[in-house]
Chemist: 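Let me give you the structure first, and then I'll get to my questions.
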Amino acid sequence: MTVRTRFAPSPTGFLHIGGARTALYCWLYARHHHGQFILRVEDTDRERSTDEAVQAILDGMAWLDLKADEGPFYQTRRFDRYREVARQLYEQGHAYHCYCSKQELEQMRAEQMARKEKPRYDGRCRHRTEPVPGVQPVLRFRNPEQGQTIIHDLVHGDIVFENSELDDLIIARSDGTPTYNFTVVVDDMDMRITHVIRGDDHINNTPRQLNIFKALGVTPPEYAHLPMILGPDGTKLSKRHGAVSVMQYREDGFLPEAVLNYLVRLGWSHGDQEIFSRDEMVALFDIADVNKSASAINPDKLLWLNQHYIKQGDATRLGTELRWHLERIGLKVDDANKLAAVVRAQAERAKTFKDMALASRFFFEEFAEYDAQAAAKNLNAETLPALRDMQSRLTALENWSAEQIHAALEACVTALGIKLGKVAQPLRVAVSGGTVSPPIDATLEILGRDTVLTRVARAIAHIEAPAA
RNA sequence: GCUCCCUUCGUCUAGAGGCCUAGGACGGAGCCCUCUCAAGGCUUAAACACCGGUUCGAAUCCGGUAGGGAGCGCCA
């Protein structure tokens, strides 16, 4: 039997980090077993589902490169099928019409709460034989009253529920539209899903679904309930925690491989290994190694992973990512070689592309003014001789390469009897406007001779006429 | 309230009865390297929620307690 997993989000918002991990695990499990990964959009709640949300989820999965083998399927296009199965259940006596009004149900719940009981439908329409005139009934599933329903959960082990704890859930609303617990069963059945991997907030739904499968005479899939993902403070994930949408991570300068690597390790591990390529994840992933307890997001670790992939990745490819972020701050750059060179030079000092873009502006545009403190300390009468010396050495340089620039620097240091810092730092301020940049030789090389000489001249002029 | 789930350093985790003086990673601290910022190297502090059992032996098995969480919709 080939493994078939599904990711079944409801399009009521963007793809958040928890959903992304669920999708990743489903995808990994399918890939690992050479099976299929199916995407299903659970949009039966027409009030809250939006096309934008559907697109946002698709975008998020595309960014993470989690391709579905089948789908996306939309539940709203399958209403006929749900109606058909509901009818079957009704005809076989597994479902019945309930005419209770919402107010009546609410009152019942209130009374139960007052009695400190678990609020649930008491089955008062179970044996009704006559319709109530003028009332469009809902269809309720006739849940078994005795016995137990056991989930053989792949991550939690057996979870036992007394059927007497379960009530008769509504499978079709009075307008005839189907509800969640029912559509899930019909879809998982029709799509021949073998493994349902989802958040453990669904554990309580599972016995109901299992009973519907049983009534339908169908073998249910295996279940694996994943622990929740918490915010950095250990509380429930929310918008207050910053980047909740996976696309927000892209905006913030993260690489999809870093996000994926981070996510795969949140709730799953393979010994002490921290870095996983896509292929390694596929080869190594197993539900047996998934944890049971909820885990909090650690932004620092994601940052660390992101930088790991920035340092590790192909500079040309990463250059396109840098270009995207430069564009976002108003800089249009097309020189792929220069972008790659900047990526290589900045990789060690940038945890995100957003930061890298910000720190790399001076490579691509003239800076407006010097950082006041930096200029005061590094562009003054004391450093003028070194700048002048370098100005002529750089002008005379045969090959504009980091090696040659470095040699010129060494020669300058020897000639003037000063420390390297005494010339490197003034030069840095001269060409970048501030005190932070990649090593000065590499910085000058990337900038190019013309730009460097122009900026050095500008610095010298600044020293000679500080008022300007 | 009821049902269900969870509990190893701050965080992510290793750990399937003796390999545990509890390991790794992020973050922290210190040192080294150094033209800035970083990156890197080395060192270091830091945890088995609690109480009982079972066993020659328990982080690992069992029971209870405490704490956290989820669910209890004509939402998904």
Side-chain angles (χ1 to χ4, degrees), chain A residues 8-12 42-45 47-49 75 98 100-102 105-106 109 112-121 136-140 151 153 156 159-162 165-167 169-175 177-181 183-184 199-207 225 227-228 230 232-236 262 265-275 289 291-305 307 311 346-351 359 374 378 406 409 413 419-429 432 434-441 443:
Chain A
S10 66
T12 53
E42 310 214 322
D43 54 355
T44 51
D45 183 355
E47 304 278 293
R48 297 197 299 155
S49 300
Q75 293 191 319
C98 167
C100 297
S101 67
K102 288 185 188 179
L105 296 173
E106 248 165 65
R109 271 192 283 270
Q112 285 163 333
M113 296 277 263
R115 268 180 270 129
K116 304 198 177 216
E117 285 169 15
K118 181 178 182 172
R120 62 220 288 253
Y121 181 65
Q136 275 301 320
V138 300
L139 196 61
R140 283 188 188 270
I151 312 174
D153 193 275
H156 292 274
I159 304 173
V160 182
F161 289 84
E162 295 296 328
E165 288 293 334
L166 277 20
D167 62 359
L169 69 153
I170 292 173
I171 59 177
R173 304 180 179 100
S174 43
D175 65 2
T177 59
T179 59
Y180 170 75
N181 278 110
T183 57
V184 166
D200 66 9
D201 48 336
H202 285 291
I203 286 181
N204 290 290
N205 285 325
T206 309
H225 286 99
M228 309 242 76
L230 275 16
D233 56 359
T235 66
K236 200 174 170 183
Y262 180 72
R265 280 284 290 101
L266 209 56
W268 172 84
S269 60
H270 180 73
D272 287 336
Q273 189 170 342
E274 296 287 351
I275 305 295
D289 298 317
N291 276 184
K292 296 183 207 190
S293 53
S295 37
I297 283 183
N298 182 346
D300 284 333
K301 189 159 181 177
L302 208 209
L303 247 13
W304 173 75
L305 276 167
Q307 183 166 37
K311 287 189 293 187
Q346 298 277 227
E348 288 172 358
R349 64 212 85 238
K351 292 190 185 300
N378 295 287
H406 192 78
L409 245 15
V413 162
K419 289 194 165 191
L420 185 54
K422 288 292 177 193
V423 56
Q425 202 59 354
L427 263 179
R428 176 169 284 117
V429 177
S432 76
T435 54
V436 178
S437 89
I440 195 65
D441 46 6
T443 300

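Protein chains get the first letters and strands the later ones, always in sequence-line order, with residue 1 at the start of each.
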Chemist: Rounded to the nearest angstrom, tell me the gap between atom OH in Y262(A) and atom C1' in U13(B).
Modeler: 11 Å

Chemist: Which base, if any, makes a Watson-Crick or G-U wobble pair with A49(B), both distances under 3.5 Å?
Modeler: U65(B)

Chemist: To the nearest Å, how far apart are K301(A) NZ and C12(B) P?
Modeler: 10 Å

Chemist: Would you indicate what P438(A) reaches in the nucleic acid, counting non-hydrogen atoms under 4.0 angstrom: base, sugar-phosphate, or nothing?
Modeler: base

Chemist: Could you tell me whether S49(A) contacts a base, only the sugar-phosphate backbone, or nothing, with contacts defined as non-hydrogen atoms closer than 4.0 Å?
Modeler: nothing

Chemist: Anything under 3.5 Å between a protein N or O and an N or O of nucleotides 2-5 of chain B, put it in a table, one pair a line.
Modeler:
residue : atom : partner : partner atom : Å
C5(B)   : O3'  : H156(A) : ND1          : 3.0

Chemist: Let me know the distance between CG of D300(A) and P of C26(B), rounded to the nearest Å.
Modeler: 11 Å

Chemist: Please state whether the base of G24(B) and the side chain of E274(A) form at least one donor-acceptor pair under 3.5 Å?
Modeler: yes

Chemist: Identify, with sequence neighbours excluded, every residue that meets side-chain hydrogen bond (donor to acceptor under 3.5 Å, both in side chains) alongside K422(A).
Modeler: none

Chemist: Please measure how far the P atom in G24(B) lies from the corresponding atom in C62(B), and state the result in whole Å.
Modeler: 29 Å

Chemist: Need one value for D441(A): base, sugar-phosphate or nothing, where a base atom within 4.0 Å counts as base even if backbone is also close, heavy atoms only.
Modeler: base

Chemist: Rounding to an integer number of angstrom, what distance separates U60(B) and G53(B) when you compare their C1' atoms?
Modeler: 15 Å

Chemist: Only counting residues at least two apart or in another chain, list the ones meeting side-chain hydrogen bond (donor to acceptor under 3.5 Å, both in side chains) with E106(A).
Modeler: none

Chemist: Output the single nucleotide from C74(B), C35(B), A76(B) whose closest atom is nearest the side chain of R109(A).
Modeler: C74(B)

Chemist: Using the P atom on both, measure C20(B) against A39(B) and round to a whole Å.
Modeler: 33 Å

Chemist: Passes side chain to side chain contact (heavy atoms under 4.5 Å, CB included), Y262(A) versus I297(A)? Steps please.
Modeler: CA-CA 9 Å; Y262(A) 180 72; I297(A) 283 183; 4.0 Å; yes

Chemist: So, under a plain 3.5 Å distance rule, would you say the side chain of R120(A) forms a donor-acceptor pair with the base of C72(B)?
Modeler: no

Chemist: Starting at atom CE of M228(A), determine the distance to atom C1' of G71(B), rounded to an integer number of angstrom.
Modeler: 11 Å

Chemist: Base, sugar-phosphate, or nothing for K422(A), non-hydrogen atoms under 4.0 angstrom?
Modeler: nothing

Chemist: State which residues pass salt bridge (Lys or Arg N to Asp or Glu O under 4.0 Å) with D167(A); sequence neighbours excluded, sorted by chain then number.
Modeler: R208(A)

Chemist: Does the side chain of I151(A) come within less than 4.5 Å of I203(A)'s, by heavy atoms?
Modeler: yes

Chemist: Checking K118(A) now: which residues fulfil salt bridge (Lys or Arg N to Asp or Glu O under 4.0 Å) with it, not counting sequence neighbours?
Modeler: E165(A)

Chemist: Using a 4.0 Å heavy-atom cut-off to protein, can you give one letter per nucleotide of nucleotides 39-45 of chain B, 5' to 3': B if the base is in contact, S if only the sugar-phosphate is, - if neither?
Modeler: SS-----

Chemist: What is the base-pairing partner of G17(B), counting Watson-Crick and G-U wobble geometry with both distances under 3.5 Å?
Modeler: none

Chemist: Return the value, rounded to whole Å, for the distance between atom OH of Y180(A) and atom C1' of C72(B).
Modeler: 15 Å

Chemist: Could you tell me the separation between the CD atom of E106(A) and the P atom of C72(B), rounded to a whole number of Å?
Modeler: 15 Å

Chemist: Side chains of R265(A) and K301(A): does their closest heavy-atom pair fall under 4.5 Å?
Modeler: yes

Chemist: Base, sugar-phosphate alone, or nothing: which one does S174(A) contact when heavy atoms must sit under 4.0 Å apart?
Modeler: base

Chemist: Please work out if L266(A) contacts a base, only the sugar-phosphate, or nothing of the nucleic acid, heavy-atom cut-off 4.0 Å.
Modeler: sugar-phosphate

Chemist: Whole-Å distance between C74(B) P and I171(A) CD1?
Modeler: 13 Å

Chemist: Please classify the nucleic acid contact of R48(A) as base, sugar-phosphate, or nothing, using heavy-atom distances under 4.0 Å.
Modeler: base

Chemist: Tell me which nucleotide, if any, is Watson-Crick or G-U wobble paired with A59(B) when both distances must be under 3.5 Å.
Modeler: none

Chemist: Which value, in whole Å, describes the distance between the C1' atoms of nucleotides U65(B) and G28(B)?
Modeler: 34 Å

Chemist: What integer distance in Å separates L305(A):CG from C12(B):P?
Modeler: 15 Å

Chemist: Using the P atom in both, what is the distance from C61(B) to C19(B), to the nearest Å?
Modeler: 16 Å

Chemist: Between M113(A) and L302(A), just flag the one whose closest nucleotide in RNA chain B comes earlier from the 5' side.
Modeler: M113(A)

Chemist: Salt bridge (Lys or Arg N to Asp or Glu O under 4.0 Å) with R48(A): which residues, sequence neighbours excluded?
Modeler: D45(A)

Chemist: Could you tell me which nucleotide pairs with C2(B) by Watson-Crick or G-U wobble geometry, both distances under 3.5 Å, or answer none if nothing does?
Modeler: G71(B)

Chemist: Out of the candidates T206(A), D200(A), D201(A), only one should pair with H225(A) under the side-chain hydrogen bond (donor to acceptor under 3.5 Å, both in side chains) rule; please name it.
Modeler: T206(A)

Chemist: Check side-chain hydrogen bond (donor to acceptor under 3.5 Å, both in side chains) between T443(A) and all other residues, then give those that pass, not counting sequence neighbours.
Modeler: S437(A)

Chemist: Quick check for you: to the nearest 0.5 Å, what is the distance between T44(A) atom OG1 and Y180(A) atom OH?
Modeler: 9.5 Å

Chemist: Using only heavy-atom distances, determine whether the side chains of R428(A) and Q425(A) contain a donor-acceptor pair under 3.5 Å.
Modeler: yes

Chemist: The criterion is ring pair (Phe, Tyr, Trp, His ring centres under 6.0 Å); which residues satisfy it with F161(A), sequence neighbours excluded?
Modeler: none

Chemist: Roughly how many Å apart are U21(B) and C35(B), using the P atom of each and rounding to a whole number?
Modeler: 46 Å

Chemist: G23(B) and A45(B): how far apart are their P atoms, nearest whole angstrom?
Modeler: 10 Å

Chemist: Can you tell me the base-pairing partner of A25(B)? Count Watson-Crick or G-U wobble geometry only, both distances below 3.5 Å, and say none if there is no partner.
Modeler: U11(B)

Chemist: Restricting to side-chain hydrogen bond (donor to acceptor under 3.5 Å, both in side chains), what partner residues turn up for T177(A), sequence neighbours left out?
Modeler: R173(A), D175(A)

Chemist: Identify, with sequence neighbours excluded, every residue that meets ring pair (Phe, Tyr, Trp, His ring centres under 6.0 Å) alongside H406(A).
Modeler: none

Chemist: Below 3.5 Å, does any donor atom in the side chain of S295(A) face an acceptor in the base of C12(B), or the other way round?
Modeler: no

Chemist: For G434(A), answer base if it contacts any base atom (sugar-phosphate contacts may also be present), sugar-phosphate if it contacts only those atoms, and nothing otherwise; contact means non-hydrogen atoms under 4.0 Å.
Modeler: nothing

Chemist: Go through the N and O atoms of the side chain of N205(A) and the base of A76(B), and report whether any donor-acceptor pair is under 3.5 Å.
Modeler: yes

Chemist: Any N/O pairs under 3.5 Å between the protein and nucleotides 14-22 of chain B? List them or say none.
Modeler:
residue : atom : partner : partner atom : Å
A14(B)  : OP1  : S269(A) : OG           : 2.8

Chemist: Considering only the C1' atoms, how many Å lie between A46(B) and C51(B), rounded to the nearest integer?
Modeler: 25 Å

